[in-house]
Each structure stands twice: as structure tokens, then as C-alpha cells.
Amino acid sequence: MEETLLVIDTGSSSMRSVLFDKYGRILEKYQTFYQMKIDGIKATQEIEDFSNALIKLVQKSVAYVRQHNLKIKSISFTSQRSSLVVLDEKMQVVLPVIMWYDKRSAIICQNLNAEHGNKIKAITGSLATPVMLAPKIQYFEQNSELALHAAYYMSIQDYLIWLTCGKMITDPTLGCKTNLMDLQKNQWSDELLALYKIDKKKLCKIIPCGSIAGYVMKAFEDLTGLTEGIPVITAGGDQQCSLLGQMLDYKSEMALTLGSGGYAVMTVEQIPQEIPDYVTVSASAWQGFYNLEIGIEKLGTLFDWCRNQFPQKDRNPKDFILLAQKANKTNARTEITMEQLKKCMIQNMDLKKEYFKDLDNETNYSHKAMAILNCIIQEISETYFKMCKATNKKVNIKIAGGMAKSDCICQMIVDTTSAVICRNKEVETTAVGAWLQSTVALEIENSISKAIKRYKNNNGNQNTIFYNKTINKKKGYKK
């Protein structure tokens, strides 16, 4: 009976299950959608969105392997990294998940950075930001009566692993997004635990990324049909796994992820001595390396919100981009700033009434759509140049994420950066990264390098599309 490896990829807007064979070929995948609740600076989501999605997707995967006389050898997890799950002593969730997007801890972060910023960044690789778990925990403990019932704190991936195997486990790619982990030692920092006033006993144990966290429990088998006793693997955070799955040349390429949030990421062997405040350092899914990251907050979320301000027929991403391209046929131009777009989304204002007052026909619609697209592309391009400046080298781009599926968007990025863009035809780069981790954890291969070679030998080295100033000039965006 042929064995398969199951990957669970938990994103901000959906969860996917991907079944691989032992050569990295995708046999089947399933997806279920959900949505965080954003209310000003507050962003939350019900834990059942994630637990129910996990159960549903595993059930479907189990049904598939049974139908095709296959066997699941392991289940591995990769996930968004900075959403807070709070549990009581009975492991019951105390309140809705405080999502990575939540900004209520902003003042806490400002005060911490003003007094302890240099120390925090030296230990963790990042200043305190509302994205991190520790400021969220401190805000929760200072402002909620429910804090009296809080016994454990973990991320969504940690929680899903606990549901599956009953172990409170995390790894450095998630730990580095708490603002509590010593990046050099991959251990919780006693100094920062004291600074944030957080009890280490409430946190998960840190094990190496790509390790077996435990084994499927009988209770999870009863819920899903997944065989008790198979290994449960913590593959790493979604951005780190995506970087691994793109198999980039870290000396000459940057990874650009355009999802609900955007990230420009480069892999380095050593942490630079001087790092700009806008760059964070995180643990890599490839042990012994580090990732330099610049976040593009609200990127895909903002893009989706703006599209939904347009007539129903133009709200599909492809239709919206086609509408924007019509603006190239005229000389008229409309401009809007990123700050204006973000203000409208945060305050849920009517974009048409506030900034596009003459939005009354298709011609004007196209100009407004192009203005939004140009604004977002400019933000992406500026982030690219910031990373080049921080690393003191000009690099090419490997691109992934929902927005990267658009030829037009890729061409616009080329035209504003002059970089060559390589886009994997396989869009499930995060899941591929988790598969690479699983093959090493299961000792199918003894190193990530050999796992990558196995994948390329069976899926091809030419599995990419390239963009530059001349290729694809006849289609997509016209500069």
C-alpha cells in the first residue's frame, strides 16, 4: 500500500489539506474558507473556525486515501504565525483567537520600545510590535477579567498540534514571532519573560523545526479516521515553509509573498550586525539559517476590501484587474495614497464617497481601479528596494501568494523594480516546504538538500515562469 504525507496549511482566510506522495507529487488537496472579524484595531476569530476546518479536511483526506488504497504516513502542520490562543487549565479556549492583525497592544509596544527596544531586538531579532504574541498576552492580562482563567498561551499551529497529539509543542519559526525567544539559542528568554511578566510554564516547549511533536491520539482518530500513532510534525511557520518550498537561491534571490499580508524575505547564514528597524530577523525553516523579513501589512486584505467597493461584476480579482487595464486606453489618471486606502478600510468608510466622488461610469471605474492597483504595486516595490538597501545587494524575486497568480501584477512589479521575477507553477509552495520538512523528520531523506533534490528529480527543475522587461510585454499591464 503506497504511503502518502498529509500537510495542513492554515492561512488567514482558509485552511488547506494537501496529500503528497513520497516524491513530492500532489495527489489531492482540499480547502475550506473562513474570515477573521475586524472591528477597528480589534481582530478576532472563533477557534471553531480552525478546529472544525481541521477535522473536515482530515476526514476528506482520509476518505481519499481509502478510496485509492493508499495510506497516510504522517500529518504535518504549517500555519500563520502570530495569532494568540488562550486556554484554561482544562485546555478549554477562554476567548476568541486574538489574530495577528489585532493592534490593541500598540501603546504597550511603543512604551516597551522606547525604554527597552535595543535589548528586545538584540535578543529576539525584532522590536515589539502588535503582531507579536507577547504584547498581545500583556494587553490581555492587563485588560481582561478572563486573564484570571488563563493557564496556557499558544499560536494556532500549536493548538492544532495539541488537538491532534495532545502535546504542547512549538518550534523556533513560531517562537520567534512571540517576542520572547532568544533567537541565537532557540529558547525562551528569561530576561524577556520577566520584562513582559509572562510565566514560562504557560508556554509551549520549543523543539527544532521539522521535528516529530507527537503521535496521533485515539480521540483524534475517532473524530477524523486518521490512524492513531502516526507522527505529527511541526513543519514551521507559513512564511518560512513557503521560502523553503520555493527553493530559492538565497545568495541571489528574494522571496516575495503576496497573500493576506505581504512579506519580502531573504535568507542569510549570519545575522547582520546592523539591521534597520523596519527589518525583522526570524528563525528559518532550514536549521542554521535566518530570515530577514519586511512585512507589508494588510496587503491582500486591503486589495480584497478595495475590490469589494466596486460593482459586483468587477469584484473577482481577474475582473478587477481587467477593469483597471482599460484605464491604459485613455490619458486620464487618478491617484490615491496607501494611507487613504488603509484609513478607509480600518474605519470601513465608503471609498467612493470619500475619495472617488466621480465614480459614476465604467471609464471612471477603470481609472479608480488602476489607481488602487498602482498604489498597492508601489508599496510592494518600495518594500523590495528597502530589502535591497538593508542587505546591500540587488536581487531577483521569487514570487508566491494569491495576488502573484496575476500576470498583470507580476508584470507591474517587474516594471517598477526592473528585477527578474520567477513564479513557481506549483502554487502550494508552503505545503511543499512542509513536505520537505516531513521527508527529513521521517528519515526518508537525511537532509533538506537531499529532500529538495528528490523533489526536483520528480517534479522538474523548469517548473517556473519568468518575467522581465521584454517577456510578456504584449499582455498584462502596459507601462
Side-chain angles (χ1 to χ4, degrees), residues 13 256-264 296-346 348-385 397 399-421 423 427 465-479:
S13 57
L256 187 60
T257 303
L258 310 179
S260 298
Y263 295 89
I296 315 173
E297 280 193 298
K298 314 176 182 71
L299 183 73
T301 304
L302 180 64
F303 181 63
D304 292 343
W305 184 86
C306 288
R307 286 189 297 104
N308 289 333
Q309 303 300 304
F310 283 72
Q312 189 71 40
K313 67 182 180 67
D314 297 316
R315 292 182 181 180
N316 180 281
K318 290 183 179 178
D319 296 332
F320 178 81
I321 291 169
L322 287 173
L323 176 68
Q325 288 176 285
K326 292 180 181 179
N328 289 320
K329 297 179 181 179
T330 72
N331 293 323
R333 289 290 179 267
T334 302
E335 294 184 359
I336 189 169
T337 67
M338 201 68 173
E339 289 71 24
Q340 289 171 329
L341 289 179
K342 289 178 179 178
K343 179 181 177 182
C344 275
M345 183 180 72
I346 291 170
N348 200 25
M349 297 157 58
D350 190 319
L351 189 60
K352 180 169 63 175
K353 290 181 181 179
E354 292 297 326
Y355 297 110
F356 294 159
K357 301 186 187 302
D358 59 341
L359 190 60
D360 54 7
N361 57 55
E362 187 169 303
T363 300
N364 282 330
Y365 277 139
S366 67
H367 295 153
K368 307 334 177 204
M370 181 54 82
I372 290 167
L373 205 53
N374 278 333
C375 184
I376 289 173
I377 295 299
Q378 187 63 31
E379 184 84 353
I380 294 169
S381 301
E382 288 177 1
T383 303
Y384 165 80
F385 287 118
I397 297 170
I399 196 165
M403 291 177 65
K405 296 176 184 178
S406 164
D407 288 349
C408 176
I409 286 176
C410 289
Q411 189 62 54
M412 290 178 78
I413 296 171
V414 168
D415 291 340
T416 53
T417 64
S418 297
V420 174
I421 287 182
R423 182 182 68 190
V427 298
I465 299 172
F466 291 87
Y467 297 82
N468 59 33
K469 284 277 187 177
T470 56
I471 297 174
N472 296 334
K473 197 65 177 179
K474 292 182 180 180
K475 62 182 179 180
Y477 167 69
K478 298 177 183 178
K479 191 176 179 184

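What you see is a predicted model, and the numbers here were worked out from it, not measured in a lab.
Applying the side-chain hydrogen bond (donor to acceptor under 3.5 Å, both in side chains) rule to Q312 yields the partners R315; only residues at least two apart in sequence or on another chain are considered. For D314, the side-chain hydrogen bond (donor to acceptor under 3.5 Å, both in side chains) criterion is met by no residue, not counting sequence neighbours. For S381, the side-chain hydrogen bond (donor to acceptor under 3.5 Å, both in side chains) partners are T416, not counting sequence neighbours. Contacts of S13 classified as side-chain hydrogen bond (donor to acceptor under 3.5 Å, both in side chains), with partners at least two apart in sequence or in another chain: none. When the ring-ring contact (aromatic ring centres under 6.0 Å, His included) test is applied to Y263, no partner is found at least two apart in sequence or on another chain. Applying the side chain to side chain contact (heavy atoms under 4.5 Å, CB included) criterion to K342, with sequence neighbours excluded, gives K298, L302, M338, E379.
Under the 30°/60° scheme for interplanar angles, the aromatic rings of F310 and Y365 are found to be tilted.
Residue C306 holds its SG atom at 5.5 Å from CD1 of I376, rounded to the nearest 0.5 Å. Atom CE of M412 and atom CD of Q325 lie 9.0 Å apart (nearest 0.5 Å). Remark: I399 CD1 to K405 NZ distance equals 12.5 Å, nearest 0.5 Å.
Using a 4.5 Å heavy-atom threshold, the side chains of I413 and I377 count as touching.
Side-chain N/O atoms of D415 and Q411 include a donor and acceptor closer than 3.5 Å.
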